[in-house]
Protein chains: 2
Amino acid sequence: MPRRENISMSVIRRLPRYYRFLTHLKDKGVTRISSTELSVKLGLTASQIRQDLNCFGGFGQQGYGYIVDQLCDEIGNILGLSSRYKTILIGAGNLGRAIASHMQFEDEGFDLIGIFDSSPSKTGTRINGHIVIDTTELENFCEKEKPVMAILCIPREGVQSIIERLYGMGVRNFWNFSHYDISMRYEDTVVENVHLNDSLMTLCYRISNPNDK
Amino acid sequence: MPRRENISMSVIRRLPRYYRFLTHLKDKGVTRISSTELSVKLGLTASQIRQDLNCFGGFGQQGYGYIVDQLCDEIGNILGLSSRYKTILIGAGNLGRAIASHMQFEDEGFDLIGIFDSSPSKTGTRINGHIVIDTTELENFCEKEKPVMAILCIPREGVQSIIERLYGMGVRNFWNFSHYDISMRYEDTVVENVHLNDSLMTLCYRISNPNDK
DNA sequence: TAGATTGTTAATCGATTAACAATC
DNA sequence: TAGATTGTTAATCGATTAACAATC
């Protein structure tokens, strides 16, 4: 059971995919799967899958394969999905509202406890059971509720100052949908960027340049 | 001017970031930048930036650096942002509506020409100037309008059958927000997945396992 | 036991970084 | 010309793949 330190991002980014697929298999009633079968379904090599899993432990049985249920639970544990991280969302525009209503945060370790916006046209409105709070209330709210993670769905211009305020209130983890690249000038922060425009541009490139992969 | 074939995905995924940052510099009135300055701002190495750019041509001037305006335009061209790709969106739920209203498709080569949903509660409603069309009309619409790209904002279960219908109507490019991994059984397709749940799980992992990068 | 499939080490491949000659 | 910075080749590093011994 090696449990290596410093797992690479390449491996980490594949974990949710494994988890998602194994959950699906479990729901279908499949009990056992080999790395070779998995590799075919996921378009990876069996070698890679075994390497990835063995970063965390020996979950398989030689000559048999992996027990779907068990492996699924193990990966869920590795991902830390049963944690509870108090989460706030900043920005109740189209995107913020969609994220708030669309995501099942609870299944992935996060509890959405507040939604903020600075526009009077948004504050007071209700999104999925949450009343949108004025951003001026941020400090009061954080002091009382101690959120540890913030989802940023605000325009580029507002990001830097919001981050500084949140960092000051102890928030260290950010799921960032803004066009702004949060630079790593802060210690101990975890930032996951979702740059939808970048994703779309990549797609544009790939359509426009069909020779490349 | 080498213009290598088969640019790697690693390089392609950095292009939008370069473009975004250079646009920002341009707006700020910066005219000239060196790979070293860029590397500091973007948290990359100067070497990597020069390598990346030289996949497409020698855009710099020795002893001087890069002209921001010019480099920005070049990358825009490489990305193909001035193309016009007729695009439809399937699924007018929270996420689909947000994507339709939030993204500036026109700036990135795409023209949104239709939004579809199969629920009678959604069809007929208006999103950002588009009336939501019943999915049963998909074939009629495609025959007339010939879209080349589809944005998928529907639940997992519906994806496979929609893709088959769209593929049959000549759609080859997909921006996929569903939990479903579109497998590459189709030729000549370009698929860009945006798995928000995967992204969130990765974040959960990184918060739960602070030792790793 | 024989067959299958893992865990793990070694080999290969690709991407990043370093170095430097070319040149503006 | 001297200084600066690119374009490009060579060296390094990391990730993926192949191979196989361990073992269920």
Side-chain angles (χ1 to χ4, degrees), chain A residues 1-15 17-18 22 25 30-72 74-75 78 184 202 211-213, chain B residues 1-15 17-18 22 25 30-72 74-75 78 184 202 211-213:
Chain A
M1 317 269 149
R3 182 56 182 103
R4 274 205 278 104
E5 285 307 306
N6 268 67
I7 309 297
S8 79
M9 268 308 251
S10 319
V11 174
I12 297 173
R13 296 228 171 265
R14 281 191 292 270
L15 293 178
R17 201 145 162 254
Y18 295 148
L22 287 163
L25 285 180
V30 179
T31 55
R32 177 201 157 271
I33 194 154
S34 71
S35 57
T36 308
E37 287 172 90
L38 261 176
S39 73
V40 171
K41 303 285 192 164
L42 294 172
L44 304 170
T45 64
S47 234
Q48 182 167 58
I49 292 172
R50 292 202 302 276
Q51 285 276 30
D52 284 355
L53 297 178
N54 282 308
C55 292
F56 303 99
F59 304 129
Q61 285 165 238
Q62 273 122 325
Y64 178 82
Y66 300 87
I67 296 166
V68 172
D69 244 36
Q70 189 186 301
L71 185 58
C72 190
E74 291 283 7
I75 297 179
I78 292 162
M184 284 303 158
T202 303
N211 305 327
D212 304 347
K213 46 180 154 163
Chain B
M1 318 266 149
R3 183 56 180 103
R4 273 206 277 104
E5 286 308 306
N6 268 67
I7 309 295
S8 79
M9 267 310 250
S10 320
V11 175
I12 297 173
R13 295 227 171 265
R14 281 191 292 269
L15 293 178
R17 203 147 159 250
Y18 295 148
L22 288 164
L25 286 180
V30 179
T31 54
R32 179 200 154 272
I33 195 154
S34 71
S35 58
T36 308
E37 288 173 88
L38 261 176
S39 73
V40 172
K41 304 285 194 163
L42 294 172
L44 304 170
T45 64
S47 232
Q48 182 168 58
I49 292 173
R50 293 203 301 277
Q51 285 277 29
D52 284 356
L53 297 177
N54 282 306
C55 292
F56 303 99
F59 303 131
Q61 287 166 234
Q62 272 124 328
Y64 178 82
Y66 300 88
I67 297 166
V68 171
D69 243 37
Q70 190 186 300
L71 185 57
C72 190
E74 291 284 6
I75 297 178
I78 292 162
M184 284 303 159
T202 303
N211 306 326
D212 303 347
K213 44 178 159 169

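Because only heavy atoms are used, hydrogens play no part in the values below, and waters and symmetry mates are left out as well, while side chains stay in. Note on naming: letters A, B, ... go to the chains in the order of the sequence lines (proteins, then strands), and numbering restarts at 1 for each one.
- Closest of all the heavy-atom pairs between A:Gly57 and A:Asn54 is O-OD1, 3.3 Å.
- If you take CG of B:Asp52 and C1' of C:dA15, they are 10 Å apart, rounded to a whole angstrom.
- Put simply, the side chain of B:Arg13 never gets that close to the backbone of A:Thr202: no donor and acceptor are under 3.5 Å apart.
- Nucleotides of DNA chain D nearest to B:Ile33 and A:Arg14 differ in position, and the one nearer the 5' end is that of B:Ile33.
- Backbone-only contact: B:Ser35 has heavy atoms under 4.0 Å from sugar-phosphate atoms and none from a base.
- When all heavy atoms of A:Asp52 and A:Val11 are compared, the pair lying nearest together is OD1-CG2, 3.6 Å.
- The distance from atom CG of A:Asn6 to atom P of D:dC13 is 16 Å, rounded to the nearest whole Å.
- In terms of heavy atoms, B:Phe59 sits closest to B:Leu53 at CE1-O, 3.8 Å.
- Residues passing the side chain to side chain donor-acceptor pair (under 3.5 Å) test with B:Glu37, sequence neighbours excluded: B:Ser34.
- Side-chain N or O atoms of B:Arg14 include none that pairs as donor or acceptor with a backbone N or O of B:Met9 at under 3.5 Å.
- Here the closest heavy-atom approach between residue A:Arg32 and residue A:Tyr64 is recorded as NE-O, 2.5 Å.
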Pairing string of DNA chain D (Watson-Crick or G-U wobble, both atom distances under 3.5 Å; | = paired to other strand) is ..||||||||||||||||||||||

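- In this structure, A:Met9 places its CE atom 18 Å from P of C:dA15, rounding to the nearest Å.
- When the C1' atom of C:dA15 is taken as reference, atom CZ of B:Arg13 falls 16 Å away, rounded to whole Å.
- The structure places CG of A:Leu42 at 5.5 Å from CD1 of A:Ile49, a figure rounded to the nearest 0.5 Å.
- Rounded to whole angstrom, the span from the CZ atom of A:Phe56 across to the P atom of C:dT8 amounts to 14 Å.
- Scanning all heavy atoms of the two residues, the minimum distance from B:Val68 to B:Leu22 falls at CG1-O, 3.7 Å.
- One atom, CG of A:Leu42, and another, P of D:dT16, lie 14 Å apart when rounded to the nearest Å.
- Rounded to whole angstrom, the span from the CD1 atom of A:Ile49 across to the C1' atom of D:dA15 amounts to 15 Å.
- For B:Asn54 and C:dT16, the CG to C1' distance is 15 Å, given to the nearest whole Å.
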If the sugar-phosphate is the primed atoms plus P, OP1 and OP2 and the base is the rest, what is the B/S/- string for nucleotides 17-24 of chain D, using protein heavy atoms under 4.0 Å?
BBB--BBB

